[in-house]
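In this chain, numbering begins with 1 at the start of the sequence shown. Start at 1 and go down the list; that is how both ligands and their atoms are numbered.
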Amino acid sequence: MGPDAIEDRASAITVSLGRQRYRVLVAEGLLKQLGARMGQRLSRRTCALVTDSNVGPLFADRAKQSLISASLKPILITIPAGEKSKTLKQAAAICEQMIAAGLDQQSFVVGLGGGVIGDISGFVAAIYHRGIPHVQVPTTLLAMVDSSIGGKTAVNTADGKNLIGAVHQPSLVIDDVDVLKTLPRREFNQGFAEVVKHAIIADGKMFKQLQDWKASEALALQQLVLRNIKIKSKIVAKDERDQTGKRALLNFGHTVGHAIERAGNYRKFLHGEALSLGIVAACAVSIKRAGFPPRQRDAVFDVLQRFDLPTCLPKNFPRNKIISAVKFDKKFQSGKIRFVVTPHIGAAYLATDVTLNDILEVVAAL
Ligand SMILES: NC(=O)c1ccc[n+]([C@@H]2O[C@H](COP(=O)([O-])OP(=O)(O)OC[C@H]3O[C@@H](n4cnc5c(N)ncnc54)[C@H](O)[C@@H]3O)[C@@H](O)[C@H]2O)c1
Ligand SMILES: [Zn+2]
């Protein structure tokens, strides 16, 4: 099959950021076509195929064979699965392996995995020989609808998440929705927290769809992924470097969400689960400060629960730790809180009148 015939079957979106443009392809079975797809867009031949110890055994062979059959020369680099791998040390180890394999400024990096692999492989691509192209092949729902879009790459330090990083847009993003079939249910569901967030801040129609979302019909899932990529990329295009406040809307639910993740030492809740609780908190603040109708808050609860996402904290959870973490957050600057509120489902804005006391109140009630 020629590349043009392949192109027809995948839904494609072009993300435009200033002078940069790149394609995001979404379809079933794309992994087998990786090589052909990349050959179409990149004239380079050698690449690092970066993956983790869970994803590698499932999909690396298929990806590698596809690259080889398109005359590309991949070297496979597998790192231990999990957030603990997202460090400067691990990024350096990947770079060292690339140097040892003779990869240079004419090479590129392919990240095959969830958000952890997307972030660290993107960071490596941003710094290797002062920047080489990055291709994202996300394998979690969260990575498809969120982390692979927008060009933010990073690693963590002992003091916090994503403190070292770069903005480095990918050259191509390839979403094969088939790979989501092996994703553990809890991981799959946490991706829906970002989807619900997108619906609340920008897409009332999608929210209605989520209210009667049934099972995982492949085409429906493909369309949902596509729609979320459009929402995120449209917002990012307005504010690539977080300067005008537009991109901040994507932080809806994240002020309290991040604080809960931190208060639980990043072990108690997955990111999407903490975000679910953060969304509940943001809805409560929105009722007080933005006239958000309580009935819509109830609808948000129902949708989150549909995906087995938490809507209240365990009784004994240390709520004081959440407040300390909110204060630590970089969005809490010189006494003012940059807090995103929603006046109704499908819209959001950055409020300037939310106080720490408002947050204390809603956290106490969570
Ligand atoms: N760059 C951004 O804009 C951005 C946005 C949101 C989140 N993030 C980052 O993304 C990361 C979280 O991403 P994540 O939730 O995808 O985590 P992850 O990459 O750790 O993946 C979750 C787990 O699922 C496994 N896995 C991945 N794909 C699989 C598959 N298809 N089948 C079976 N198992 C699979 C992984 O090995 C891992 O154990 C965090 O580090 C977060 O900071 C970045
Ligand atoms: Zn998030």
Return all side-chain donor-acceptor pairs below 3.5 angstrom for residues 308-318, not counting sequence neighbours, or 'none' if the list is empty.
| residue | atom | partner | partner atom | Å |
| --- | --- | --- | --- | --- |
| Thr311 | OG1 | Gln305 | NE2 | 2.9 |

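- The CE atom of Met98 lies 8.0 Å from the NE2 atom of His129; values are rounded to the nearest 0.5 Å.
- Among the backbone and side-chain atoms of Glu194, an N/O/S atom is found under 2.8 Å from the Zn ion (ligand 2).
- A salt bridge between Glu83 and Lys161 is present, with a side-chain N of the basic residue lying under 4.0 Å from a carboxylate O of the acidic one.
- Legend: residues meeting side-chain contact (heavy atoms from CB on, under 4.5 Å) with Asp146, ordered by chain and number and at least two apart, are Glu194, Lys197, Lys232.
- Listed by chain and residue number, the protein contacts of ligand 1 are Asp52, Asn54, Val55, Leu58, Phe59, Ala81, Glu83, Lys86, Gly114, Gly115, Val116, Asp119, Thr139, Thr140, Leu142, Asp146, Ser147, Lys152, Lys161, Asn162, Val179, Thr182, Leu183, Pro184, Glu187, Gln190, Lys232 (heavy atom within 4.0 angstrom).
- Within the model, atoms NZ of Lys32 and CG of Leu34 stand 11.5 Å from one another, a figure rounded to the nearest 0.5 Å.
- The side-chain contact (heavy atoms from CB on, under 4.5 Å) search around Val362 returns Ala281, Ala284, Val285, not counting sequence neighbours.
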